[in-house]
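Beneath this line is the structure, given in structure tokens, with notes to follow.
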Amino acid sequence: MTTVRELLFGAAADEARAVTGVASALPVQEVPPETAARAVLARVAGLLEFEVTDVLVQAWRARSALADAARLTLAEPGTVRRINLAVYAIPWEYEMEFDLRLAGKALTTVTVSVGLDLEVTALTASVQRGRLVSVDGGQYNVAATLAVQGIPVLAKERVFALAYEMKVGSGIPLTDGAAASV
Amino acid sequence: MKPALVMLIMAAMAPPAQVAPAAQIQVRTTVFEAGALPGATQPAKVDCQPGEFAVGGGYTLRGPELRVTASYPAGPAWVVEIVNAAKTPAALSLSVVCLSGAQPTTVSSTTGRVTCPSGALVAGGGYQTRGLTAAGSMTNSYPSLNEGWVADGPAVAKVFAVCVRGTETVRTVTATMRALAGSPTCAQEPVTSALCFWPRSGSQQLSCASGELLTMGGQRTVSGTIPPYGVSAADTTGPMWTFAISGSGRDAEPLTVEVSAVCLRYATEPPPGPPRKVDLSWPVVGGAALLLLLLLAALFATVRHLRRRSPSAAAPQLDIVLTGQRTTLRHDAFREVQ
């Protein structure tokens, strides 16, 4: 299962490129820019330790035909709905603000933005008791960007086979009611 | 230079004896409302007042779906990072133990264990993790041999220790907490028939002796497993350190945790005696002043020489403190075709 951190910084070359990009965007003079960039990126990477499919599930919960089906099947136990999604797309943005402090003294504030453009095509999914219980087919395209102080420093794109990337187990809750029931 | 002469110079030039302000602690608390931001880590912070330094801190959760992913010192503040897994806002109270009258040093490491500089003793400690995992983020966080701090667990990334000097003693008080598993809740689906969760809860409070300052506490698992994100309180409440767990895990074994509290006792200054009368003649004072100037010049030259030889020594610590974050789904660019 791929995390957002792995997607953005998975390869050593990506990390090096990110360090160079962040170092040039950071407004600090008290420490070597590369040192500050590595520290900021380490912190950002720690906050990106969640799976790229988690973001998709959150989007589905917020707005999708799957969420509509989840509400209907929760209201009518015993029913199963199969949903065909030709296209599902929504961008997701994650903005973080950090204070850089040297020996306790504030140096500057840095804004880091991570953007994920999510696009799923040709998916067939089953929903039962408010949960996503199966995923067939489905191509998941994710374009990820990293920006510091509004300056783009890294862009990655990857395609996943959703049936392999997303493990539904005993069902992924798509509504609050389904999350509460075991 | 003859030691006796140096001592004479120092005695002649020393300022009148002063009583250093006694080290004191204040516990400052705040309540943080964690919004329902799916998957997002939210930083909560409580500050000391000017002139104070954070030596310890902690949290008490007021929502069962709150997940703590970090609790650590950040200069004059304590930061707790949380993820709210609920769909509605939930609160937590967090506290910082602020020390005045003495300045601590914070050290950190990515190896799970950090030791205070030579001569300093540990007053508190904390950790940062890489975020949420199914097995939890942190299991143990506790003082080590009065000299450092240890933190371990499935996702621990950095451990911090707050170190102080000038203490007469640092004492770790410990108590054992046991929590038995309750009746399990098992999933009904055939595919997950073996999936059961055992609830457990328990708490332990510790206090220091009279004349000691309680700065922080910790916990170390002796046997069993703390449920993932099951630490509901690791906090200073009044004069006590409170540790509590509440949660469910896939483990029915009895849980035993050693809970510890760090207690400092500062050396008491001797009461000021009658002023000492120093009767020195002018030639002695003049000679002493000349020798002092020579000493200072030699010291200055030595420091410059050492700085040239080791330019990277004692690099100050760079902290990256998360102060805010938000996630947004851009509905303006939403597309769905069935």
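Each chain gets a letter, A, B and so on, in the order the sequences are listed, and its residues count up from 1. Model, not experiment: these values are computed from the prediction.
- Within the 4.5 Å cutoff, no side-chain heavy atoms of B:L329 are placed close to those of A:R63.
- Residue A:I83 touches chain B through its side chain alone, counting heavy-atom pairs closer than 4.5 Å.
- Residue A:T121 does not touch chain B at all, counting heavy-atom pairs closer than 4.5 Å.
- For A:A42, no part sits under 4.5 Å from any heavy atom of chain B, backbone or side chain.
- Here the shortest heavy-atom pairing between B:Q338 and A:A65 reads NE2-CB, 3.3 Å.
- Heavy-atom contacts from other residues, nucleotides or ligands closer than 6.0 Å to CD of A:E15 number 12 or fewer.
- B:A74 touches chain A through backbone and side chain together, each having a heavy atom under 4.5 Å away.
- Within the 4.5 Å cutoff, the side chain of A:R43 has heavy atoms near those of the B:L322 side chain.
- Residue contact with chain B, scored on non-hydrogen atoms closer than 4.5 Å, is absent for A:L123.
- Counting heavy-atom pairs closer than 4.5 Å to chain A, the top-ranked of the candidates B:T69, B:T129, B:T328, B:L132 is B:T328.
- Atom CZ of B:R165 sits in a crowded spot, with more than 12 heavy atoms from other residues, nucleotides or ligands closer than 6.0 Å.
- Per-residue heavy-atom pair counts under 4.5 Å with chain B were compared for A:A86, A:G171, A:G46, A:A89, and the maximum is reached by A:A89.
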Exercise. Carefully, step by step, assess A:D99 and B:I320 under the rule side chain to side chain contact (heavy atoms under 4.5 Å, CB included).
Key: CA-CA 6 Å; A:D99 277 355; B:I320 313 296; over 6 Å; no
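- Using a 4.5 Å cut-off between heavy atoms, A:E119 touches chain B through its side chain atoms alone.
- Within a 6.0 Å sphere centred on CZ of A:R17, other residues, nucleotides and ligands contribute more than 12 heavy atoms.
- Contact between A:V87 and B:R335 at its shortest, heavy atoms only, is CG1-NH1, 3.7 Å.
- Shortest non-hydrogen contact noted between B:R330 and A:I90 is O-CG1, 3.6 Å.
- Contact check for B:T327 versus A:W92: side-chain heavy atoms found under the 4.5 Å cut-off.
- Heavy-atom pairs under 4.5 Å with chain B were tallied for A:R5, A:E30, A:E95, A:K105; the largest tally goes to A:E95.
- With a 4.5 Å cut-off on side-chain heavy atoms, A:L107 and B:L318 count as touching.
- Of the atoms belonging to B:A333, heavy atoms from both backbone and side chain fall under 4.5 Å from chain A.
- Residue A:K167 places its NZ atom among more than 12 non-hydrogen atoms of other residues, nucleotides or ligands, all under 6.0 Å distant.
- Counting non-hydrogen atoms of neighbouring residues, nucleotides and ligands closer than 6.0 angstrom, the CZ atom of B:R113 reaches no more than 12 such neighbours.
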